[in-house]
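Note sheet for the following structure.
Chain naming here is simple, since letters A, B, ... match the order of the sequence lines and numbering starts at 1 in each.
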4 protein chains.
Amino acid sequence: MARTIGSHGPTTMEAIRKAGLRLIFQHGYEAMSLRQLAAEVGIQPGSLYNHISTKQELLADLIQDHINDLLRELETALRDKEGAVERLRAFVAFHVSYHMTRKREVFIANSELRSLDPRNYEAVVALRGAYEQRLAEILTDGVAEGVFDVDDVQVATFAIIALLTGLCSWYRPGGRLTKDAIIAAHEKLVLSGVMPRSAKPSPSGRDGIKTE
Amino acid sequence: MARTIGSHGPTTMEAIRKAGLRLIFQHGYEAMSLRQLAAEVGIQPGSLYNHISTKQELLADLIQDHINDLLRELETALRDKEGAVERLRAFVAFHVSYHMTRKREVFIANSELRSLDPRNYEAVVALRGAYEQRLAEILTDGVAEGVFDVDDVQVATFAIIALLTGLCSWYRPGGRLTKDAIIAAHEKLVLSGVMPRSAKPSPSGRDGIKTE
Amino acid sequence: MARTIGSHGPTTMEAIRKAGLRLIFQHGYEAMSLRQLAAEVGIQPGSLYNHISTKQELLADLIQDHINDLLRELETALRDKEGAVERLRAFVAFHVSYHMTRKREVFIANSELRSLDPRNYEAVVALRGAYEQRLAEILTDGVAEGVFDVDDVQVATFAIIALLTGLCSWYRPGGRLTKDAIIAAHEKLVLSGVMPRSAKPSPSGRDGIKTE
Amino acid sequence: MARTIGSHGPTTMEAIRKAGLRLIFQHGYEAMSLRQLAAEVGIQPGSLYNHISTKQELLADLIQDHINDLLRELETALRDKEGAVERLRAFVAFHVSYHMTRKREVFIANSELRSLDPRNYEAVVALRGAYEQRLAEILTDGVAEGVFDVDDVQVATFAIIALLTGLCSWYRPGGRLTKDAIIAAHEKLVLSGVMPRSAKPSPSGRDGIKTE
DNA sequence: TATGAATGAGGGTTCATTCAT
DNA sequence: GATGAATGAACCCTCATTCAT
């Protein structure tokens, strides 16, 4: 049938990824059919296979690309941040920000892990472990520096990640709060949670009021 | 396929629920086939329909029963607890404890909501909202009492729930920590997170509310 | 419980085997679709799977059953036959007769071996080897007895089998020749082929031309 | 399919025919996909259509070319052979030799006839009939000359062809026997089979056992 | 000539569900 | 209650083929 103008190649692949992201986020990997996906993209189901090798590989690619981005951007966010407190603040800010921007990838990477076949699963879990490790290190450092008071670093790591990740379940762009306000709220919660009673978190300097 | 003598109807139903819980937890609702479930129970697929009306209803029942239990037991846990601090502590302890005991139901109730058809979905979300509301009330009360310092009660509510709920992703019975240790760690994290740095509540200076 | 008409159980399986035999014979295993087969049987494609586990297994079953029958019936045909000449005659008569009666199974077992997956292939080839071995033994015995003059037993074995098997490519029931005439013709050809010039085959006493 | 000198079209076309021959022999026509074929040749599937018009036509070409060669070479082999015995011997020698040399074409021409569409099928069957007719004539002549003793020429024709053709199912170059030994064995089998008891076949003078 | 993307049909197979026995 | 056979829809995926580039 008549196709839209323009080079189809890269465009089609991008459309598949985008639509796939949305459909998996909305219905789940198992519940998304390639017929749906193809219809969304505007091609026949079989034509998908000019761009992907398998439904499974599409999922794996989406997740792996996300995790790689996550790790790479975390490095950038933490670069030249000194001290556990500042690094934790940077971690929270980055994590929340990333999760608001790419909440679909994040959600999928968390909820569809079980749909990955073993080989892909191993790879992704390893990368995710590396990410968690970054937070665990910050907490450990902070305890050593005496600025954090954490009973169990592992529990705290998981808890903080869960707390931060949870927001992609409820965050909707254009909601009541600004992005900055949400970041500030989480910074405060997390830092308060891990800092000893005697210390107090330094103000972040943001006011969270949307100004545009 | 061992059958006990007597009326084994209730037994079969219980086996179905149990196996269904496990299979949905493990593979997801969409990925669990009734053939699998029947095989697990030791009957033929068609025989399931002597006990359930629909795959969808099985899911709805499992989730609804869980949420009802959750609410009922929360009432019990909070009964005769006075003061926001003590009530929050009780909430955390109850929530963590319940999630460790019934992590499969909890996980399913969180991850398979999207598989519920609209009518069931509404009902469950309403009940879940009631549960979250209990926590929000505690936080609001605490702020009014001056014992909590929370910028945005809603964000804090979601965050705390996410934090607590996250543990059913990693908790394994028989792990490194005792149940009590995990409860204690979470109590500390949460209470630290919401209590003011000093004895006197510090004005936050940011309200994060959109002003447009 | 008596099976009434319309109660399909064993009947359906038998219909599947029969139709499968015909369709594979006619179009080849690869070219036969399960949709065709189901239509022939009068059920929906998916319903086939109440009776077979796989298209591949259907083929393997058809072939294996045939080969088992072939071996078993050969034993019967050779029982109490004495002497290489008489045994060879019995072999030829049995083989030709069986191939005319069940030419579809025979054809499939020869032509669709390559469609068997490795495990099934091994099993069938082994059984076929056992069958060929029976003929090879007869030839070897005959040479030892001095009644056969064969340069290479293996070549002769393959050749005789091929000669006899070839007839299921052209034999049509109701053709010009009677079954007995065809058997007689092949007995003569084979025995002449392997007996030394000096000996002479016993007259079969049948002329084989249909007289009606 | 015009071939121009200088271009490498012929090369590609030859590669397609060669790979097609091998793949059809190995997997069967239905089971061979043009994607496989293209991969084997080292081009994209769509590019095949610069050389062939259709999968079906590729098969028909391969078979027809083979049959034409077969007939033409048979004429050469029989030229200036006199007498039914010598002509039969020549037929057998030629047939066996050709089948060993080009066993893939032969096998395909026998086993994939059913995959030809009606028009191609008719043409090929007619040519094959002509080939069989040559053998039938030799047998008929021999009976008239009194050197053959055959009850039914048609049965004998089919049987001999089957016997000879069967060897491309088991012959492997480099096996136990030399080409000449195999030819000699078949000459003996066939001639013995059709000659009357009183006559004796002339020795072929070859022993055929590999000595190196 | 070769390519890559598209088509439309169809492949084997699984599914939730029904129902006579 | 349990069963086995049936349904009809849908699944992921492969196919031969076309055609603009």
Side-chain angles (χ1 to χ4, degrees), chain A residues 1-3 7-13 30-38 41-56 58, chain B residues 1 3 7-9 11-13 30-38 41-56 58, chain C residues 1-4 6-13 30-38 41-56 58, chain D residues 4 7-9 12-13 30-38 41-56 58:
Chain A
M1 290 308 284
R3 280 284 301 126
S7 88
H8 306 164
T11 301
T12 301
M13 185 64 222
E30 294 281 352
M32 174 195 73
S33 85
L34 293 188
R35 280 165 167 77
Q36 262 182 290
L37 177 56
V41 174
I43 57 177
Q44 296 296 320
S47 302
L48 288 173
Y49 288 85
N50 289 320
H51 306 275
I52 68 174
S53 64
T54 271
K55 191 190 180 191
Q56 165 73 210
L58 173 61
Chain B
M1 182 118 162
R3 298 215 196 129
S7 133
H8 53 279
T11 298
T12 300
M13 184 63 220
E30 293 281 351
M32 175 196 73
S33 85
L34 292 189
R35 278 163 168 78
Q36 261 182 291
L37 178 57
V41 173
I43 59 179
Q44 296 299 319
S47 304
L48 286 173
Y49 287 84
N50 291 320
H51 305 274
I52 68 175
S53 65
T54 269
K55 189 190 180 190
Q56 167 74 209
L58 173 60
Chain C
M1 157 189 353
R3 284 271 173 195
T4 59
S7 162
H8 306 115
T11 302
T12 301
M13 186 64 222
E30 293 282 351
M32 174 195 73
S33 87
L34 293 188
R35 279 163 168 81
Q36 262 182 290
L37 178 56
V41 174
I43 58 178
Q44 296 297 319
S47 303
L48 288 173
Y49 287 84
N50 289 320
H51 306 276
I52 68 175
S53 64
T54 270
K55 190 190 180 192
Q56 166 73 211
L58 173 61
Chain D
T4 53
S7 81
H8 59 286
T12 302
M13 185 64 220
E30 293 282 351
M32 174 196 73
S33 86
L34 292 189
R35 279 162 167 79
Q36 260 183 291
L37 178 56
V41 174
I43 59 178
Q44 296 299 318
S47 305
L48 287 173
Y49 287 84
N50 290 318
H51 304 275
I52 68 174
S53 65
T54 269
K55 189 189 179 190
Q56 166 73 210
L58 173 61

Rounded to whole Å, the CG-P distance (A/N50 to F/dC19) equals 16 Å
When you look at A/L48 and A/K55, which way does the side-chain contact (heavy atoms from CB on, under 4.5 Å) test go after all the steps?
CA-CA 9 Å; A/L48 288 173; A/K55 191 190 180 191; over 6 Å; no
Classify the side chain of D/R35 and the base of F/dA16 as holding, or not holding, a donor-acceptor pair under 3.5 Å.
yes
Nearest whole angstrom, please: distance from the P of E/dT3 to the CG of D/L48.
10 Å
Within this structure, what is the NZ-to-C1' distance between D/K55 and F/dT14, rounded to whole angstrom?
11 Å
Could you state the CD-P distance from D/E30 to F/dT14, rounded to the nearest angstrom?
18 Å
Starting at atom CD1 of A/I52, determine the distance to atom C1' of E/dG4, rounded to an integer number of angstrom.
16 Å
May I have the list of side-chain donor-acceptor pairs in residues 30-38 of chain B shorter than 3.5 Å, sequence neighbours left out?
residue	atom	partner	partner atom	Å
B/S33	OG	B/R35	N	3.3
B/S33	OG	B/Q36	N	3.0
B/Q36	OE1	B/S33	N	3.1

Can you see if the side chain of A/H51 gets near the phosphate of E/dA6 - specifically, an N or O under 4.0 Å from OP1 or OP2?
yes
Take the protein atom CE of B/M32 and the nucleotide atom P of E/dT14, then report the distance between them rounded to whole Å.
17 Å
Separation of B/I43 atom CD1 from F/dA2 atom P, in whole Å?
6 Å
Between CD of D/Q44 and C1' of F/dA16 the distance, given in whole Å, is 15 Å
Scan D/S47 against the nucleic acid and name what it touches under 4.0 Å (heavy atoms): base, sugar-phosphate only, or nothing.
base
Pair assignment for DNA chain F - dot-bracket with | for other-strand partners, Watson-Crick or G-U under 3.5 Å
.||||||||||||||||||||
